[in-house]
Structure formats: structure tokens, C-alpha cells
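Below is one structure, written out as C-alpha cells; the observations come after it.
Every number for a ligand or one of its atoms is a count from 1 in the order of the listing.
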Amino acid sequence: MDIFYVVGHKNPDTDSVCSAIALSDYLSKCSTKTNSDEKYEPAIQGEINEETKCALNKFGVETPLILTDATNKKVILVDHNNKMQTLDNIEKAEKIVRVLDHHPINFSYQEQIEFLTMPVGSTATIIAQMYFKENINIDKKIAGLLLSAILSDTVVFKSPTTTDIDKIMAKKLEKIADISNFEVFGLELKKAKASLKNKTPCQIIDADFKEFNMNGCKVGIGQLEVVDFEDFYAIKEQVSSQMKKMKQDKNYTLVLLVFTDILREGSEFLTAGDVDAVKKAFNISTIDGIFLKGMMSRKKQVAPLLENYYNKNQNNKN
Ligand SMILES: [Mn+2]
């Protein structure tokens with residue numbers, strides 16, 4: 001029997017985990033239809049966060065197995081297509097079978113594969129559409145997970161990445177998942193993730209951290225949703241010095257943490273390293289204490305602005 005591991009990005013978030021579970025379910029159901037002997041196994045690259053835990057508990061779904069190395073495995077990548085964020089030794093994978101994602105394309109492969117991306121708010125949105133389009137039965141658990149992922153990635157539809165398709169899919173899934181008010185449920189999820197209390201600076205930085213190669217510069221961008229900014233001010237200094245240490249130890253050009261206030265709909269930054277890049281990319285004269293109204297999305301706002309800056313400024317790498 002062929003086993004395919006369906007896996008999301010490093011530092012898994014709710015969309016990565018729930019999409020891996022849902023796509024495994026979807027593909028298993030498709031393969032049953034065609035009587036093929038294929039097994040789809042959802043996997044994660046590391047511990048899940050509090051928000052994802054909340055979603056999995058609510059719908060009674062087990063945490064997927066942890067897989068960090070692709071060697072000799074057949075893998076399906078969800079919610080990422082960037083080498084920096086994928087399994088270790090991805091070049092030693094038996095095969096990357098397919099990619100399903102909603103991030104900017106950053107991928108090349110020597111073989112023909114199925115590669116699907118759509119400019120929507122979450123990978124879960126694409127998977128939900130596939131279920132409805134192919135008339136594959138969505139059970140309550142899977143609907144609940146897909147809904148959780150859409151609400152998580154779109155920050156309950158407040159992120160500029162939100163599209164009408166996300167909202168339409170959420171409405172349909174809400175009924176199947178038997179959730180009476182998805183906005184209330186979305187905030188419940190966000191609050192689970194937002195708590196900074198009882199976390200070490202490392203845990204705060206790592207919670208939702210992604211690495212990028214921007215024109216040869218190693219850039220790490222983390223994002224946290226904060227309900228009470230007082231909690232953020234209380235830990236700011238400690239987190240800041242940990243970020244500086246991390247920049248040195250792991251040789252980053254820039255480490256940027258985005259603290260997003262979902263109620264005020266904007267963010268504050270903490271940086272270590274190339275401060276100049278941040279000032280120029282976001283057109284601000286200072287970083288400390290500046291609240292950037294409307295800045296909600298790493299994917300659509302923070303990363304592209306920085307990438308654009310580094311593409312124009314090849315020198316100045318350290
Ligand atoms: Mn996503």
C-alpha cells in the first residue's frame with residue numbers, strides 16, 4: 001500500500017494542521033471511490049499551538065503525527081510551497097506528489113505534479129470548495145476543522161486576505177459543523193491563541209514564525225495576535241533580547257515580530273537586525289511604539305513589502 005503524508009508548514013498553525021487532516025480525509029474518500037489502495041496520513045512538523053488545540057478538542061479530532069523529515073517519503077504539501085518552511089531533506093523525498101496552497105508561489109520541481117494555489121484567505125477554503133464541487137461528503141468534524149482554519153487564517157474575516165469565497169465556504173461549513181455563530185466561535189479560537197501569559201520569550205517568538213529567503217537575506221517573521229496589549233508591553237524587553245540573540249545565533253539579516261491587535265485591527269513591530277529595512281519598507285521613521293493601523297497580514301502586507309525592499313537593495317545584507 002502507498003502511504004502519502006499530507007503535511008503543512010513548520011511551526012504549524014490552525015490552517016496547516018486542519019488542512020492536512022481535511023485533505024487526507026478528502027483524498028481517502030476519493031481513493032475509496034476509485035478502489036485504489038492508497039493511504040493518506042495527516043502530519044505536522046511540530047507541536048500545535050493553543051488555538052489549534054482548541055479547535056481539535058472542540059471537534060474531537062486527534063493531533064496528527066509529527067513528521068519532520070521527508071527522506072524516502074511520498075509527501076503532499078499543504079499551506080506552504082516554500083523550501084524554507086517545508087520538511088527537512090525535502091530533496092530526498094521519494095516524491096512530492098502535490099501542493100495545495102494559498103501563498104505566493106516559491107517553488108520549482110523537476111517532475112510534473114499537481115500544484116494548486118488560489119488567492120483566498122486559507123488553504124481550508126480551497127479544500128472546502130473541492131468537497132462541494134466533487135460532492136464528497138463532509139462530516140461534522142471535518143467541517144468544524146475547515147471552518148476553524150478559515151476563521152483563523154482570515155482573523156475572523158478582518159485580514160485583508162479575506163475573500164468572498166472564504167465567507168461563502170464558512171457559511172456552508174457552519175451549518176454542517178453545527179456552530180450557531182461563527183464570529184463568536186472565531187473569537188473564542190483567537191483568544192485561546194492570544195494569551196501571552198505563562199510563555200517564555202522563545203515560545204512567543206516561535207509560536208507562528210516563518211523563514212524567508214529575500215534576495216539572499218535570511219528573514220524571519222513571527223506574528224502574534226494579542227487581545228490585551230498590556231500583556232505585550234510586559235514581555236517586550238525580554239522578547240526583544242531573545243530576538244537579538246536569535247539573530248546572532250542563527251545568522252538572520254532580520255527578525256521581525258508582528259503583534260496584531262484583532263480588535264483595533266492593526267499591529268506593532270519588534271525587530272532585531274536590519275531596522276533600516278523595516279523603516280524603509282513600511283515608510284516609518286521609528287519602530288518602537290508605533291501602531292500600524294490596518295497592518296494585519298504577514299502574507300499580503302508584511303512579507304511582500306520587505307521582499308520588495310530587499311529585491312531593490314541587494315547590498316546592505318548584514
Ligand atoms: Mn494558511
Side-chain angles (χ1 to χ4, degrees), residues 6-26 42-56 64 75-87 98-107 115-131 142-170 173 182 186 189-190 192-193 206-212 220-225 258 260 262 267 296-304 307:
V6 184
V7 66
H9 54 74
K10 284 193 162 64
N11 290 322
D13 63 5
T14 301
D15 190 28
S16 248
V17 179
C18 295
S19 290
I21 296 169
L23 187 62
S24 302
D25 175 77
Y26 173 88
I44 51 179
Q45 293 196 59
E47 294 297 320
I48 57 172
N49 68 35
E50 293 302 318
E51 182 194 274
T52 312
K53 238 177 245 173
C54 176
L56 294 180
V75 296
I76 293 172
L77 308 181
V78 292
D79 200 34
H80 71 293
N81 70 82
N82 187 325
K83 282 227 164 83
M84 306 280 283
Q85 296 156 12
T86 201
L87 295 162
R98 63 160 90 193
V99 178
L100 185 70
D101 190 21
H102 68 133
H103 290 85
I105 298 169
N106 195 317
F107 189 83
F115 187 99
L116 176 63
T117 70
M118 283 177 65
V120 290
S122 73
T123 301
T125 306
I126 308 171
I127 300 172
Q129 273 188 301
M130 287 159 56
Y131 273 101
I142 296 292
L145 296 187
L146 287 169
L147 177 63
S148 304
I150 296 174
L151 293 170
S152 167
D153 256 28
T154 63
V155 196
V156 200
F157 304 140
K158 284 179 177 168
S159 168
T161 56
T162 310
T163 67
D164 287 342
I165 307 170
D166 301 308
K167 293 180 183 166
I168 294 165
M169 289 304 125
L173 293 165
F182 64 70
L189 283 177
K190 284 294 158 200
K193 188 182 179 185
D206 274 347
D208 180 4
F209 193 80
K210 286 184 181 173
E211 267 184 22
F212 300 85
I221 309 174
Q223 185 169 26
L224 284 107
E225 282 132 14
V258 182
T260 302
I262 35 180
S267 303
M296 302 280 287
S297 170
R298 171 174 47 202
K299 187 189 295 114
K300 202 162 182 166
Q301 298 170 310
V302 181
E307 185 124 49

Check the side chains of H80 and T86 for a donor-acceptor pair under 3.5 angstrom, ignoring hydrogens and angles. yes
H102 near the Mn ion (ligand 1) via N/O/S, less than 2.8 Å: yes
Can you tell me if an N/O/S atom from D101 lies under 2.8 Å from the Mn ion (ligand 1)? no
If the Mn ion (ligand 1) is the vertex, what is the angle to OD1 of D79 and OD2 of D15, rounded to 10 degrees? 90°
side-chain hydrogen bond (donor to acceptor under 3.5 Å, both in side chains) with K53: which residues, sequence neighbours excluded? E50
Residue D153 atom name (nearest to the Mn ion (ligand 1); N/O/S): OD2
Is there an N/O/S atom in D13 that lies less than 2.8 Å from the Mn ion (ligand 1)? no
How long is the straight-line distance from OG1 of T52 back to CD1 of I44, given to the nearest 0.5 Å? 8.5 Å
Going by the rule side-chain hydrogen bond (donor to acceptor under 3.5 Å, both in side chains), which residues pair with E51 if we only count those two or more places apart in sequence or in a different chain? T14, S152, K190
What distance separates K210 NZ from N11 CG, expressed to the nearest 0.5 Å? 9.0 Å
